[in-house]
Amino acid sequence: MTDPTAPLIVTSDERLLDDALRWCAAAGAIPDLAHDVTAARRAWRQAAAVIVGEDLAAALSRAELVRRDHVVLVAREPAQWWPVAIALGVDAVCAPHEEDRVLESLSSALDGGGEAAVVSVVGGSGGVGASTFAVSLGLAAHRRGLRPLVLDADPLGGGVELVIGAERTDGLRWHDFGATRGRLNAGSLADVLPTHRGVATLSWRATHRGELPDAVGSVLTAAVRGFDVVVADVPRHLGDHGPEIVGRSVLSVVLVPEEVCAVAAARQVVGRLRDLAPSVAVVSVHRPGGIGPAAVAEAVDAPVVARLRPDRRVRGGVDRGHGPGRSRSGRRAAGAVLDALGLEP
């Protein structure tokens with residue numbers, strides 16, 4: 001009987017089989033083997049993931065197997081195999097030397113659990129408090145019994161660690177992932193990151209700030225398997241990795257002050273995000289005598305899901321290491337965003 005947690009290797013090519021066995025070993029899994037279409041059919045539906053060799057791909061595509069997720073076709077000339085790949089319904093076509101891509105596909109299947117909701121938080125103008133609101137979202141998710149990660153993607157920001165008060169908490173930071181390649185285990189990632197007030201963070205130490213490492217994609221892939229909610233603090237200019245993070249977010253939230261000049265700046269940000277993000281929404285930031293949330297929504301052509309009133313206690317709380325969690329307005333606005341995502345307690 002097929003182990004539902006095991007991947008399936010479908011090939012009679014000995015060289016490709018050796019590669020696939022090595023990949024499964026790197027992923028910590030013992031695979032089932034199928035050397036022909038008949039054996040593949042028996043295990044196809046139950047396997048956690050499937051690696052298909054080019055030698056059997058065409059025959060499998062004609063076998064009328066049920067469509068399923070986590071299928072990778074390995075071929076020496078990937079460009080020639082896309083018609084077969086489409087017929088078979090595979091997720092990716094990889095060459096044998098593209099180990100990182102195969103391992104990433106295996107990781108998404110083998111780490112277990114559903115994927116977390118990824119939320120990007122972007123300031124529509126400078127100094128609006130995007131980092132603080134990102135932390136407020138993490139704290140609100142924890143209060144609902146969820147496992148949150150706040151990911152700092154703004155190298156020029158003050159850092160989410162300082163906002164929540166986690167700078168002295170043990171754990172890995174971005175610079176520790178500088179040499180990371182390939183697959184990251186979701187459970188291991190959750191174990192090694194700093195956790196403070198129930199919220200895991202991935203940021204820089206104050207004395208080691210720098211650019212985001214190339215491992216951002218692998219880290220995000222592991223994060224969505226190891227947590228329930230991933231909140232990313234993304235800079236307005238997006239940078240090198242912002243488009244990837246925004247593209248993988250179910251919602252991008254733009255903080256927009258209720259001021260004419262701020263709205264003009266936010267229109268540019270929202271316009272760029274709309275080209276990358278599946279969904280964009282606004283949290284308007286109250287200003288005395290300002291234009292109000294309805295005018296903000298009309299001006300930037302995006303729905304306002306919450307209104308945030310500045311709280312003087314937030315700055316003092318952050319300066320003393322208490323974080324922004326005592327702000328009632330912050331809690332209400334963060335709760336409204338989680339409600340919009342359908343993340344109930």
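Note that this is a predicted model, so its numbers are computed, not measured.
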Counting heavy atoms not belonging to [X], are there more than 12 under 6.0 Å from its [atom1]?
{"X": "D170", "atom1": "CG", "value": "no"}
{"X": "R67", "atom1": "CZ", "value": "yes"}
{"X": "R267", "atom1": "CZ", "value": "no"}

Can you confirm whether [X] sits close enough to [Y] that some side-chain heavy atom of one is under 4.5 Å from a side-chain heavy atom of the other?
{"X": "I291", "Y": "V260", "answer": "yes"}
{"X": "L238", "Y": "V246", "answer": "yes"}
{"X": "V282", "Y": "V300", "answer": "yes"}
{"X": "R320", "Y": "R315", "answer": "no"}
{"X": "V84", "Y": "S61", "answer": "yes"}
{"X": "L189", "Y": "F177", "answer": "yes"}
{"X": "V199", "Y": "V135", "answer": "no"}

If hydrophobic clusters are built from ILVMFWY residues whose side chains come within less than 4.5 Å, do [X] and [Y] share one?
{"X": "V74", "Y": "V71", "answer": "no"}
{"X": "V150", "Y": "I164", "answer": "yes"}
{"X": "V229", "Y": "L220", "answer": "no"}
{"X": "L137", "Y": "L251", "answer": "yes"}
{"X": "V280", "Y": "L341", "answer": "no"}

Kindly say whether [Y] contributes a backbone atom to a donor-acceptor pair with the side chain of [X] at under 3.5 angstrom?
{"X": "D228", "Y": "P148", "value": "no"}
{"X": "E98", "Y": "A95", "value": "yes"}
{"X": "R331", "Y": "G325", "value": "yes"}
{"X": "R68", "Y": "W44", "value": "yes"}

If I take atom [atom1] from residue [X] and atom [atom2] from residue [Y], how far apart are they, to the nearest 0.5 angstrom?
{"X": "D13", "Y": "L56", "atom1": "CG", "atom2": "CG", "value": "9.0 Å"}
{"X": "S203", "Y": "D154", "atom1": "OG", "atom2": "CG", "value": "9.5 Å"}
{"X": "L212", "Y": "D240", "atom1": "CG", "atom2": "CG", "value": "8.5 Å"}
{"X": "I245", "Y": "S252", "atom1": "CD1", "atom2": "OG", "value": "10.0 Å"}
{"X": "T201", "Y": "L151", "atom1": "OG1", "atom2": "CG", "value": "9.5 Å"}
{"X": "H142", "Y": "R147", "atom1": "NE2", "atom2": "CZ", "value": "13.0 Å"}

Taking all non-hydrogen atoms of both residues, which atom of [X] and which atom of [Y] are closest, and how far apart?
{"X": "V163", "Y": "P324", "value": "O-CD, 3.8 Å"}
{"X": "A200", "Y": "F227", "value": "CB-CE2, 3.6 Å"}
{"X": "G129", "Y": "L255", "value": "O-CD2, 3.7 Å"}
{"X": "R101", "Y": "A92", "value": "NH2-CB, 3.6 Å"}
{"X": "V102", "Y": "C94", "value": "CG2-CB, 3.9 Å"}
{"X": "E258", "Y": "S284", "value": "OE2-OG, 3.0 Å"}

Examine the side chains of S329 and D311 and answer whether a donor and an acceptor come within less than 3.5 Å of each other. no
With side chain to side chain donor-acceptor pair (under 3.5 Å) as the criterion, how do T221 and E104 come out once you've worked through the C-alpha distance, each side chain's angles and the decisive distance to 0.1 Å? CA-CA 8 Å; T221 296; E104 186 170 328; 3.2 Å; yes
Just jot down the side-chain hydrogen bond (donor to acceptor under 3.5 Å, both in side chains) partners of D55, sequence neighbours excluded, or say none. T11, S12
Sequence neighbours left out, what passes side-chain hydrogen bond (donor to acceptor under 3.5 Å, both in side chains) with E259? Give chain and number order. R287
Does the salt bridge (Lys or Arg N to Asp or Glu O under 4.0 Å) test come out yes or no for R144 and D339, once each step is laid out? CA-CA 11 Å; R144 295 190 176 198; D339 288 342; 2.9 Å; yes
As a quick check of understanding, evaluate salt bridge (Lys or Arg N to Asp or Glu O under 4.0 Å) for R76 and E54, giving each step before the final call. CA-CA 8 Å; R76 293 174 180 84; E54 62 182 336; 2.6 Å; yes
Matching residue for D152 among R205, R173, R209 - test: salt bridge (Lys or Arg N to Asp or Glu O under 4.0 Å): R209
